[in-house]
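Below you'll find the structure, written out as structure tokens, and then a few comments.
Each chain gets a letter, A, B and so on, in the order the sequences are listed, and its residues count up from 1.
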Amino acid sequence: MGQLRCGYDFYKQDSVTVAKKLLGKLLVRKLGDEEIICKIVETEAYVGPEDKGSHAYQNRRTKRTEVMFEPGGYAYIFLIYGMYNCLNVVTNERDKPEAVLIRGIEPLKGIELIKKNRNIKSKKAADLTNGPGKLCEALAIEKDLNGYDLISGDQLYIKEADEKIDFEIVSSKRINIDYAEEYKEKLWRFYIKNNPFVSVILKD
DNA sequence: GTACCGATGTTCT
DNA sequence: GAACATCGGTACC
């Protein structure tokens with residue numbers, strides 16, 4: 001089944017291309033004997049040294065951003081607001097610091113384990129995984145997976161869906177990057193139209 | 001449905 | 001010391 005998994009030829013593309021192509025693909029997480037599979041429904045591209053929204057703006061290279069300078073195919077995980085982790089996929093070639101933030105996923109398998117990991121009151125299924133912090137908690141994705149190899153690792157990876165389902169892609173501004181000046185206007189967020197696991201719907 | 005607010009800790013100035 | 005690619009609760013429509 002290896003041919004279904006996304007490899008370097010996929011991740012080496014630019015982040016906007018990868019962000020769009022990730023929609024509809026499957027995020028797989030192995031936890032002991034159990035497996036969680038979710039469909040990716042919302043992404044954001046962070047586009048390299050010129051992008052004022054990106055942690056790697058002006059090639060800012062620190063311990064935190066180091067993995068963004070690696071070749072595409074690694075996980076970039078960072079802590080936000082002191083409490084939540086966010087999962088990114090590093091894209092493009094070595095020394096071209098780009099990444100795609102996964103913002104929304106739809107659980108297909110392992111929902112009981114997701115509920116256990118999240119432990120929330122809400123009965124709405126969407127609240128389990130409709131946001132970057134939520135989905136990391138749901139899949140037990142923590143800082144120890146920063147730099148994880150999504151191409152050859154088996155704990156966390158991305159693969160093609162088993163069957164192709166048509167959907168419409170919506171482009172929008174990225175969420176919560178007020179500091180990014182003109183770059184906050186860029187339509188570098190993508191999601192599957194009408195999917196309930198999308199985190200935010202902006203008014204036009 | 002929207003609006004605000006506090007929690008929390010790492011990173012960078 | 002400030003900022004931060006967020007979330008869940010409460011209050012009020």
### Task
Is it possible for you to check whether Arg174(A) lies under 6.0 Å from the centre of the six-membered ring of Tyr183(A), through NZ or CZ, and within 45° of that ring's axis?
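Ring-cation test returns no.
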
### Query
Within 45° of the ring axis of Phe69(A) and under 6.0 Å from its six-membered ring centre, is that where the NZ or CZ of Arg61(A) lies?
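Yes; both conditions hold, so Arg61(A) lies above the ring face of Phe69(A).
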
Using OP1 and OP2 only, check whether a side-chain N or O of [X] sits under 4.0 Å from [N].
X: Lys134(A); N: dG8(C); value: yes
X: Arg118(A); N: dG8(C); value: yes
X: Tyr84(A); N: dA5(C); value: no
X: Arg60(A); N: dT13(B); value: yes
X: Ser54(A); N: dA5(C); value: no
X: Asn176(A); N: dT6(C); value: yes

### Query
If you draw a 6.0 Å radius around NZ in Lys30(A), do more than 12 non-hydrogen atoms from other residues or ligands fall strictly inside?
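For Lys30(A), atom NZ is crowded (more than 12 foreign heavy atoms under 6.0 Å).
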
[X] has an atom [atom1]; how far is it from atom [atom2] of [N], in whole Å?
X: Arg64(A); N: dT13(B); atom1: CZ; atom2: P; value: 10 Å
X: Met68(A); N: dA5(C); atom1: CE; atom2: C1'; value: 10 Å
X: Leu101(A); N: dT6(C); atom1: CG; atom2: C1'; value: 11 Å
X: Glu66(A); N: dT11(B); atom1: CD; atom2: P; value: 13 Å
X: Ile141(A); N: dT6(C); atom1: CD1; atom2: P; value: 16 Å
X: Asp178(A); N: dT6(C); atom1: CG; atom2: P; value: 10 Å
X: Tyr57(A); N: dA5(C); atom1: OH; atom2: C1'; value: 17 Å
X: His55(A); N: dA5(C); atom1: NE2; atom2: C1'; value: 5 Å

### Query
Hey, does Gly82(A) reach any base, or is it just sugar-phosphate, or nothing, if we go heavy atoms under 4.0 Å?
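Since a base atom lies under 4.0 Å of Gly82(A), the category is base.
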
### Query
Counting any heavy atom closer than 4.0 Å, what does Thr62(A) reach on the DNA or RNA strands: base, sugar-phosphate only, or nothing?
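Contact class for Thr62(A): sugar-phosphate only.
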
### Task
Could you tell me whether the side chain of Asn117(A) and the main chain of Ala138(A) form a donor-acceptor pair under 3.5 Å?
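A pair under 3.5 Å: yes.
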
### Task
Could you please name the option among dG9(C), dC4(C), dG9(B) that lies closest to any side-chain atom of Lys121(A)?
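Nucleotide nearest to Lys121(A)'s side chain: dG9(C).
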
### Query
Which nucleotide sits closest to the side chain of Arg103(A): dA5(C), dT8(B), dG9(C)?
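So the side chain of Arg103(A) is nearest to dA5(C).
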
### Query
dA3(C) pairs with which nucleotide, Watson-Crick or G-U wobble, both distances below 3.5 Å?
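Base partner found: dT10(B).
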
### Message
According to a hydrophobic-cluster definition based on side-chain heavy atoms being under 4.5 Å apart (Ile, Leu, Val, Met, Phe, Trp, Tyr only), do Tyr74(A) and Met68(A) belong together?
### Response
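Per the 4.5 Å side-chain linkage, Tyr74(A) and Met68(A) are co-clustered.
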
### Query
Do Leu4(A) and Leu26(A) belong to the same hydrophobic cluster, where Ile, Leu, Val, Met, Phe, Trp and Tyr are linked whenever their side-chain heavy atoms lie under 4.5 Å apart, directly or via other members?
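No.
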
### Message
Go nucleotide by nucleotide along DNA chain C from the 5' end; which of Ile177(A) and Asp127(A) gets its closest nucleotide reached first?
### Response
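Comparing both residues, the 5'-ward one is Ile177(A).
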
### Task
Select from Lys143(A) and Tyr81(A) the residue whose nearest nucleotide in DNA chain B is closer to the 5' end of that strand.
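Going by which nucleotide is closer to the 5' end, it is Tyr81(A).
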
